[in-house]
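Here is the structure we will look at.
Since the model is a prediction, treat every value here as computed from it, not as a measurement. What's counted below: heavy atoms across the whole structure, side chains too, no hydrogens, waters or symmetry copies.
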Amino acid sequence: MPSLSCSRASGLAAALLCLSACGDGPDVYALSFSLHSNRVRAAREPLPDPEYFLESADGLTFHVDSAFVTLFDVRLELPPGIRCADYRDALSPVMGCEDAAEGRPGRLTVAGPLDLDLRRGLTLRGGGLPIPPGVYPRIEARLEPGTSTEPSFRSRSSFTWQGRPRVLEVDFQSDAVLRFEPRGPLDFASAGDGSGLQGWLLVDSWLAETPVAACLESGDLTFSGDLLRLETGQGACAGAAERLRGDIEASGVMGLTPRP
């Protein structure tokens with residue numbers, strides 16, 4: 001088996017986690033996570049990284065400048081009929097494997113914690129992680145409970161209000177499980193050698209329930225300087241921060257991205 005090294009995530013360049021496997025053989029796949037939008041196509045080098053935008057329920061647009069998350073207990077469900085012995089020579093030392101037991105499917109695991117740059121990509125320290133080809137049904141990963149200075153999830157998104165540049169700040173603590181499942185059939189057979197298995201957080205849904213512009217007009221949301229936090233929400237935006245947190249936690253989707 002060829003030697004492996006982990007390089008900067010390519011393809012969908014905003015990878016959360018680069019668990020990349022570099023090699024020439026058809027049995028090498030890359031597992032990664034990223035932000036995603038139905039409005040953005042995957043960018044390939046030397047093109048710039050894709051940009052991500054949030055849109056509130058009433059049409060106010062936010063540019064995602066940064067987004068970070070800490071995950072642990074990453075679990076990749078094994079294809080039916082596959083046992084750990086089948087993957088003995090194809091796994092990185094940082095990855096474990098558990099056979100199916102008592103009605104629970106088999107799974108590949110990474111303990112973590114993993115500090116991830118969702119927008120720009122983060123290289124996993126210490127080398128690549130080969131993922132054997134197969135029809136994986138789902139991926140799960142738990143948010144690492146954070147602290148006041150190091151939250152589980154943190155992001156900054158810029159926008160313009162009344163002609164001035166502003167920033168939406170989102171920080172929260174959570175130990176929720178993020179679930180990534182395909183929204184349609186995945187054609188693993190035609191994806192090509194070295195395809196990427198992707199866990200996406202779909203940003204399109206994050207502010208779809210919150211009328212940010214209307215709440216700013218009415219005073220139901222207020223700024224601290226040029227900084228906006230949804231925890232200030234009242235009236236139509238009461239509970240907006242909790243809704244956004246739930247929307248982020250529920251936005252997981254699984255897909256395939258061929259490596260260039």
Where the side chain of T147 meets the backbone of E150, is there a donor-acceptor pair that is under 3.5 Å apart?
yes
Name of the residue among L178, V110, L108, T109 meeting side-chain contact (heavy atoms from CB on, under 4.5 Å) with V74
V110
Distance col, row L227:CG vs L168:CG, nearest 0.5 angstrom, shows 8.0 Å
Let me confirm one number: the CD-SG distance from E231 to C237, rounded to the nearest 0.5 Å.
12.0 Å
Nearest 0.5 angstrom please: S155 OG to L54 CG, how far?
7.5 Å
Donor-acceptor pair, side chain of R156 and main chain of V64, under 3.5 angstrom
no
For the pair D175 and L143, evaluate side-chain contact (heavy atoms from CB on, under 4.5 Å) and give the outcome as yes or no after the intermediate values.
CA-CA 5 Å; D175 63 354; L143 288 166; 5.7 Å; no
CZ-CD distance between R179 and E77, expressed to the nearest 0.5 angstrom
11.5 Å
How many angstroms lie between atom CZ of R243 and atom CD of E209, to the nearest 0.5 angstrom?
6.5 Å
Between R154 and D171, is there a side-chain N and carboxylate O pair less than 4.0 Å apart?
no
Check for a donor-acceptor pair, side chain of S174 on one end and backbone N or O of A176 on the other, with a separation under 3.5 Å.
yes
N-O pairing of R104 and E98 below 4.0 Å:
yes
Minimal non-hydrogen separation, L78 against P137, with atom names:
O-CD, 3.9 Å
State whether D73 and R107 are salt-bridged, where the test is any N-O pair (Lys NZ or Arg NE/NH1/NH2 against Asp/Glu carboxylate O) under 4.0 Å.
no
When W206, Y52, W200, F180 are each screened for ring pair (Phe, Tyr, Trp, His ring centres under 6.0 Å) with H36, the one that passes is W200
Quick check on the hydrophobic clustering: are I139 and F72 connected, directly or via other members, by side-chain heavy-atom contacts under 4.5 Å?
no
When the ring planes of F159 and F223 are compared, do they come out parallel, tilted or perpendicular, using 30° and 60° as the limits?
parallel
Give the minimum heavy-atom separation between G225 and R166, together with the two atoms involved.
O-NH1, 3.6 Å
Closest non-hydrogen atom pair between S37 and D204, with its separation:
OG-OD1, 2.6 Å
Rounded to the nearest 0.5 Å, what separation is found between the CZ atom of R142 and the OG atom of S152?
11.5 Å
For residues L244 and V167: do they belong to one hydrophobic cluster (side chain heavy atoms under 4.5 Å, members Ile, Leu, Val, Met, Phe, Trp, Tyr)?
no
Which atoms form the tightest heavy-atom contact between L201 and S251, and what is the distance?
CD2-OG, 3.5 Å
Can you list the steps and then say if L202 with R183 is a side-chain contact (heavy atoms from CB on, under 4.5 Å)?
CA-CA 12 Å; L202 189 63; R183 295 190 176 177; 3.5 Å; yes
For G233, is there any backbone N or O sitting under 3.5 Å from a side-chain donor or acceptor partner on D220?
no
Given the rule in the side-chain contact (heavy atoms from CB on, under 4.5 Å) test, do E140 and V177 qualify, once you have shown the distances and angles that lead to the verdict?
CA-CA 7 Å; E140 293 184 352; V177 175; 4.0 Å; yes
Donor-acceptor pair, side chain of R245 and main chain of Q173, under 3.5 angstrom:
yes
Smallest heavy-atom separation, D115 atom then T70 atom, equals OD1-OG1, 2.7 Å
Where do Q198 and S34 land on the side-chain contact (heavy atoms from CB on, under 4.5 Å) test, with the steps shown first?
CA-CA 7 Å; Q198 302 280 338; S34 74; 4.0 Å; yes
What residues form a ring pair (Phe, Tyr, Trp, His ring centres under 6.0 Å) with F172, not counting sequence neighbours?
F153
Testing the basics here: between S56 and F62, what is the closest heavy-atom pair and its distance to 0.1 Å?
CB-CE1, 4.3 Å
Is the backbone N or O of A214 less than 3.5 Å from a side-chain atom of D58, with the two atoms forming a donor-acceptor pair by type?
yes
N-O pairing of R83 and D99 below 4.0 Å
yes
Between D247 and S205, do the side chains contain an N or O donor and an N or O acceptor separated by less than 3.5 Å?
no
Do D65 and H63 have side-chain heavy atoms sitting under 4.5 Å apart?
yes
